[in-house]
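Below: the structure, in structure tokens.
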Amino acid sequence: MPISETADAHPSAGGTGAPAGRWPEWAERHRLDDTLSALAYEAASPQCRTALKSGLALAFMHFGASPGRTHETAQDTQRGYWRQIEAFPAPWAIVAFTPGYTAAARLAAACVPAHLAGVSLLGAVCVGGNPSGQALTALDLSGVEDIFTLDTASLCALLEESQPGPGRLVLLHEGELDSARRASCALGIPCYEERRAPNLVLPDRTAFNIELLSFAQGKALEQALEPANPVTPAALYLASEAAQGHCRHQRHGPRHADSLALSPGCEGFWLHAGLTPDFFRVSRMAFGLLP
């Protein structure tokens, strides 16, 4: 259960914080019982679990392997300058969401880029209660073992005390976690957020497994089933031939030009626009004059 918002729920800002590569000790007291994750995994149908595994495989194919730590040195003798770039995984990342978040594919899609970037300490925080069964199954299959249930004040304290920093924060919410976004901004922690469910369009529902889509997309599927949906979609669910045509010919017009097209078999896959492994990497640059 979530901890209460009391003065002794977590150390003060002047506390000792966490050793490198570990979460603060006080957060460990609010780690989710592994039994809940196991029960949620068993409750999910084999078809739903397979769909998520397929989505994860697609994400690995799409993003590819992490380059690890890279170092680049360049010299421009004509102009007389040098440049060095060092890039490496962020030391930690937190994916925070609410108890009502039931979109398994989108939660998995928030975690996978961090893994692919090489982040060694990845935690999931459900704010205000226990995660849904869909969320727990997604975290299990995504390889996220550090799952905590905290209140908003404790999440903000976790952001402040996790060291070394800055890490990365992903928020999946509908406004409930705005205080965490403000805290990340004040702390200089890069933050990505999904602040509303994506608009989906499903022209032919008979081509897809609706049970799998419901497990993958949660409440976002409800509007996709409306026959006269006027929104600009984040994703189009199309038969395979139509999905390929969407890329080649933009056959669905300018309102759909930037939409993701997903075909049958991709129910458990998702891409958050702009959330790639690069978001979870730190890049440092130095410039100088050649001697």
Is any side-chain heavy atom of Glu72 less than 4.5 Å from a side-chain heavy atom of Arg83?
yes
Please give me the minimum heavy-atom distance between Ala104 and Ala138, naming the atom from each residue.
O-CB, 3.3 Å
Verdict with supporting geometry, Cys126 and Thr98, side chain to side chain contact (heavy atoms under 4.5 Å, CB included)
CA-CA 5 Å; Cys126 189; Thr98 61; 5.7 Å; no
Val144 with Leu36, same ILVMFWY side-chain cluster at under 4.5 Å
yes
Give me the ring orientation class for His272 and Trp270: parallel if the planes are under 30° apart, tilted from 30 to 60°, perpendicular past 60°.
perpendicular
Between Arg106 (side chain only) and Gln217 (backbone N and O only), is there a donor and an acceptor less than 3.5 Å apart?
yes
Working to the nearest 0.5 angstrom, can you tell me the gap between Thr102 OG1 and Phe97 CZ?
11.0 Å
Should the pair Arg195-Asp178 be classified as a salt bridge under the 4.0 Å nitrogen-to-oxygen rule?
yes
Side chains of Asp151 and Ser154, donor plus acceptor under 3.5 Å
yes
Would you please say whether a donor-acceptor pair under 3.5 Å links the side chains of Tyr101 and Glu174?
no
Is there a side-chain contact between Ile94 and Ile189 (heavy atoms, below 4.5 Å)?
no
State, yes or no, whether a side-chain contact exists between Leu32 and Ser37 at a heavy-atom distance under 4.5 Å.
yes
In terms of hydrophobic clustering (I, L, V, M, F, W, Y; side-chain heavy atoms under 4.5 Å; direct or indirect links), are Leu172 and Phe280 co-clustered?
yes
Any donor-acceptor N/O pair, Glu267 side chain to Gly265 backbone, under 3.5 Å:
yes
Can you tell me how far apart NE2 (His62) and CG (Leu271) are? Round to the nearest 0.5 Å.
5.0 Å
Counting C-beta onward and ignoring hydrogens, is there a side-chain heavy-atom pair between Glu211 and Ser45 closer than 4.5 Å?
yes
Go through it in stages, so that I can follow the logic: the residues are Gln47 and Leu212, the test is side chain to side chain contact (heavy atoms under 4.5 Å, CB included), and I'd like the CA-CA distance, side-chain angles, deciding distance and then a yes or no.
CA-CA 7 Å; Gln47 294 81 5; Leu212 299 185; 3.9 Å; yes
What distance do Trp92 atom CH2 and Ser120 atom OG have between them, rounded to the nearest 0.5 Å?
12.0 Å
Looking at Arg31 and Glu28, is any side-chain nitrogen of the basic one under 4.0 Å from a carboxylate oxygen of the acidic one?
yes
Check: Trp82 side chain, Asp76 main-chain N or O, donor-acceptor pair, under 3.5 Å
no
Of the non-hydrogen atoms in Ala40 and Thr137, which two are nearest, and what is the gap between them?
O-OG1, 3.3 Å
Provide the closest heavy-atom pair for Gly123 versus Trp23 in the form atom of the first, atom of the second, distance.
N-CZ2, 3.4 Å
Is a donor on one side and an acceptor on the other found under 3.5 Å between the side chain of Ser263 and the backbone of Ser240?
no
Answer yes or no: is there a side-chain heavy-atom contact under 4.5 Å between Tyr41 and Leu136?
no
Quiz item: cation-pi between Arg168 and Tyr192, 6.0 Å / 45°
no
For a side chain to side chain contact (heavy atoms under 4.5 Å, CB included) check, start with the C-alpha distance between Gln75 and Tyr81, then their side-chain angles and the critical distance, and finish with the verdict.
CA-CA 6 Å; Gln75 293 185 353; Tyr81 297 105; over 6 Å; no
Leu262 with Leu202, same ILVMFWY side-chain cluster at under 4.5 Å
yes
Quick one: does Ser66's side chain have a donor or acceptor within less than 3.5 Å of a partner on Leu116's backbone?
yes
Is Arg281 reaching over with its side chain to a backbone N or O of Arg69, donor-acceptor style, under 3.5 angstrom?
no
Would you indicate whether the side-chain heavy atoms of His115 and Leu122 approach each other to under 4.5 Å?
yes
Going through the distances and angles, do Trp26 and Glu161 end up as a side chain to side chain donor-acceptor pair (under 3.5 Å)?
CA-CA 11 Å; Trp26 61 264; Glu161 297 176 32; 2.9 Å; yes
Under 4.5 Å between any side-chain heavy atoms of Leu169 and Leu171, yes or no?
yes
Look at the side-chain heavy atoms of Ile, Leu, Val, Met, Phe, Trp and Tyr, link any pair under 4.5 Å apart, and say whether Leu141 and Phe269 land in one connected group.
yes
Gap separating the CZ atom of Phe208 from the CG atom of Leu221, nearest 0.5 angstrom
11.0 Å
If hydrophobic clusters are built by linking Ile, Leu, Val, Met, Phe, Trp and Tyr wherever their side-chain heavy atoms come under 4.5 Å apart, do Leu150 and Ile147 end up in the same one?
no
Side chain to side chain contact (heavy atoms under 4.5 Å, CB included) between Val170 and Cys191: does it pass, once the steps are laid out?
CA-CA 6 Å; Val170 177; Cys191 175; over 6 Å; no
Say you draw a straight line from CG of Leu159 to CG of Leu155; how long is it, rounded to the nearest 0.5 Å?
5.0 Å
Close side-chain approach of Asn130 and Pro99, heavy atoms under 4.5 Å:
no
Test your reading of the model: is there a side-chain donor-acceptor pair from Ser162 to the backbone of Leu158, 3.5 Å cut-off?
yes
If I compare all heavy atoms of Pro91 with all of Pro166, which pair ends up nearest, and what's the gap?
CD-O, 3.6 Å
Tell me the closest heavy-atom pair linking Val127 and Ala96, and the distance in Å.
CG2-CB, 4.5 Å
Does atom CD (Glu145) have a neighbourhood of more than 12 heavy atoms from anything else shown, all under 6.0 Å?
no
Nearest 0.5 Å, please: how far is CZ in Phe287 from CD in Gln84?
10.5 Å
If you look at every heavy atom in Ala27 and Phe148, which pair is closest and at what distance?
O-CD2, 3.3 Å
Strictly below 4.0 Å, N to O, side chains only: are Arg181 and Glu193 in salt-bridge contact?
yes
